[in-house]
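Input: a single structure, listed below in structure tokens.
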There are 2 protein chains.
Amino acid sequence: MSYKDRKVINIGMVSELTGLSVRQIRYYEERKLIFPNRTEGGTRKYSFSDVEKLIDIANQIEDGMQSSEIKKMQKRKSDRKVRDEMIRGQLNAVFGIRK
Amino acid sequence: MSYKDRKVINIGMVSELTGLSVRQIRYYEERKLIFPNRTEGGTRKYSFSDVEKLIDIANQIEDGMQSSEIKKMQKRKSDRKVRDEMIRGQLNAVFGIRK
DNA sequence: CAATTATGTAAGATTTTATTACATAAAAAT
DNA sequence: ATTTTTATGTAATAAAATCTTACATAATTG
């Protein structure tokens with residue numbers, strides 16, 4: 001896993017990096033748009049990927065999109081990815097296509 | 001600047017990532033081996049580069065090296081880099097060598 | 001042997017984060 | 001047109017994380 005995906009950033013810094021309030025960041029978690037890790041003590045930890053995702057979310061919100069819609073879009077995107085990967089995996093298994 | 005160089009990580013996480021105690025991490029700063037940023041409130045912020053550097057330091061310490069020695073080695077390394085860059089810059093200015 | 005290096009630990013203050021609750025404007029649903 | 005839901009702010013209080021300073025000490029160096 002690359003640095004981009006390591007959950008090491010606190011919510012205050014995420015707020016600074018994204019321009020969102022910590023209230024908003026926690027709320028988007030409540031709506032299941034992001035999934036920070038937690039320390040033993042319960043402090044949230046985010047990755048740069050999370051930060052990027054939050055910036056996307058902020059833009060979509062700004063465009064008048066609702067969080068339930070954003071979630072659906074994320075699901076569609078992720079489903080697409082899974083399908084692609086399955087297909088690629090199958091092709092690879094059957095035909096030994098590289099990479 | 002890439003994610004690797006963004007100073008966003010707290011000392012506790014750095015401790016976890018490096019296996020060093022927070023005491024050690026602060027001490028290496030005192031010896032001018034690393035240079036975290038600070039928040040307004042005074043909390044230290046480190047980058048993944050800092051984490052890598054600390055891991056190197058930990059190895060050198062383990063090999064019985066002293067912090068003043070480590071610092072000298074870092075300086076030699078950085079001097080080398082500066083020299084290289086100056087030479088490359090001059091070559092570029094004179095001959096227009098690309099990249 | 002005296003000085004320095006490297007680290008642990010403790011105390012107390014400050015900063016940062018967490019949870020819960022109440023408030024409310026705007027948008028969506030009925 | 002109401003009622004409900006969404007999205008966010010703010011306040012209170014508790015807990016977690018960090019900061020600085022100081023004292024202790026073993027190991028190393030001069």
Side-chain angles (χ1 to χ4, degrees), chain A residues 6-51 53-76, chain B residues 6-51 53-76:
Chain A
R6 305 221 56 182
K7 305 225 176 199
V8 297
I9 311 176
N10 277 6
I11 198 165
M13 183 55 68
V14 172
S15 170
E16 210 173 285
L17 293 173
T18 60
L20 296 165
S21 70
V22 302
R23 179 68 167 93
Q24 287 177 299
I25 296 166
R26 294 201 193 103
Y27 180 69
Y28 299 151
E29 176 183 356
E30 192 181 319
R31 300 322 290 273
K32 310 232 191 289
L33 300 177
I34 40 168
F35 307 91
N37 284 354
R38 297 281 187 135
T39 63
E40 299 227 333
T43 302
R44 276 168 261 251
K45 292 291 179 180
Y46 302 85
S47 66
F48 282 114
S49 294
D50 292 330
V51 170
K53 198 184 278 187
L54 281 167
I55 290 171
D56 288 349
I57 292 170
N59 289 329
Q60 291 174 298
I61 296 272
E62 200 160 9
D63 296 348
M65 203 171 297
Q66 207 162 304
S67 77
S68 60
E69 269 309 303
I70 295 175
K71 194 173 171 199
K72 276 183 213 147
M73 288 194 57
Q74 288 190 354
K75 180 153 180 4
R76 280 195 280 275
Chain B
R6 305 220 57 183
K7 307 228 176 196
V8 298
I9 311 176
N10 277 3
I11 198 166
M13 182 54 68
V14 172
S15 170
E16 208 173 287
L17 293 173
T18 60
L20 295 166
S21 70
V22 302
R23 179 66 167 95
Q24 287 177 300
I25 296 166
R26 293 200 195 105
Y27 180 69
Y28 300 151
E29 176 183 356
E30 193 180 318
R31 302 319 292 269
K32 310 233 190 289
L33 299 177
I34 40 169
F35 308 91
N37 283 355
R38 297 281 187 135
T39 64
E40 299 228 332
T43 302
R44 275 168 262 251
K45 292 292 180 179
Y46 302 86
S47 67
F48 283 114
S49 294
D50 292 330
V51 170
K53 198 183 280 185
L54 281 168
I55 290 171
D56 287 348
I57 292 170
N59 289 329
Q60 291 174 300
I61 296 272
E62 200 161 8
D63 295 348
M65 203 170 298
Q66 208 163 304
S67 77
S68 60
E69 270 309 304
I70 296 176
K71 198 175 168 198
K72 276 182 213 148
M73 288 193 58
Q74 288 190 355
K75 179 148 180 8
R76 280 196 280 276

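Per chain, numbering begins at 1; letters A, B, ... match sequence-line order.
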Report task. Examine D:dA7: is either OP1 or OP2 under 4.0 Å from a nitrogen or oxygen in the side chain of A:S67? Give yes or no. Result -> yes
**Report entry** Residue pair B:L17, B:L54: steps toward the side chain to side chain contact (heavy atoms under 4.5 Å, CB included) verdict
**Finding:** CA-CA 10 Å; B:L17 293 173; B:L54 281 168; over 6 Å; no
Query raised in the report: Over how many whole Å does the gap from B:E29 atom CD to C:dA6 atom C1' extend?
Result: 16 Å
Report summary line: Whole-Å distance, B:I25 CD1 to D:dT18 P, equals 10 Å
Requested in this report: Measure the distance from CD1 on B:I61 to P on D:dT28 and round it to the nearest whole Å.
Outcome: 13 Å
Report summary line: Between CD of A:E62 and P of D:dT8 the distance, given in whole Å, is 11 Å
Query raised in the report: Rounded to the nearest Å, what distance is computed from the CD atom of residue B:E30 to the C1' atom of nucleotide D:dT21?
Result: 11 Å
**Report entry** Candidate list B:V8, B:V14, B:I9, test side chain to side chain contact (heavy atoms under 4.5 Å, CB included), partner B:F48, passing option
**Finding:** B:I9
Query raised in the report: Hey, is CZ on A:R44 packed in by over 12 heavy atoms from elsewhere, all under 6.0 Å?
Result: yes
Query raised in the report: Which whole-number value in Å describes the distance from B:M65 CE to D:dT28 P?
Result: 15 Å
Query raised in the report: Could you give the CG-to-P distance, from A:L33 to D:dT6, as a whole number of Å?
Result: 12 Å
Query raised in the report: Under 4.0 Å: is that the gap between some side-chain N or O of B:Y28 and OP1 or OP2 of C:dA6?
Result: no
Report summary line: Reading nucleotides 14-30 of chain C from 5' to 3' and marking B where a protein heavy atom lies under 4.0 Å of the base, S where only the sugar-phosphate is that close, and - otherwise, the string is -SSSBB--------S--
Report task. Assess whether side chain to side chain contact (heavy atoms under 4.5 Å, CB included) is satisfied between B:Q74 and B:L33, documenting all intermediate values. Result -> CA-CA 8 Å; B:Q74 288 190 355; B:L33 299 177; 4.2 Å; yes
Query - Integer-rounded Å distance: D:dT6 C1' and A:R31 CZ - result: 7 Å
Query raised in the report: How many angstroms lie between atom CZ of A:R38 and atom NZ of A:K7, to the nearest 0.5 angstrom?
Result: 11.5 Å
Query raised in the report: Within a radius of less than 6.0 Å around CE of A:M65, do more than 12 heavy atoms belonging to other residues, nucleotides or ligands occur?
Result: yes
Query raised in the report: Is the closest basic N to carboxylate O distance between A:R26 and A:E29 below 4.0 Å?
Result: no
Query - C:dT7 phosphate, OP1 or OP2, under 4.0 Å from B:Y27 side-chain N/O - result: no
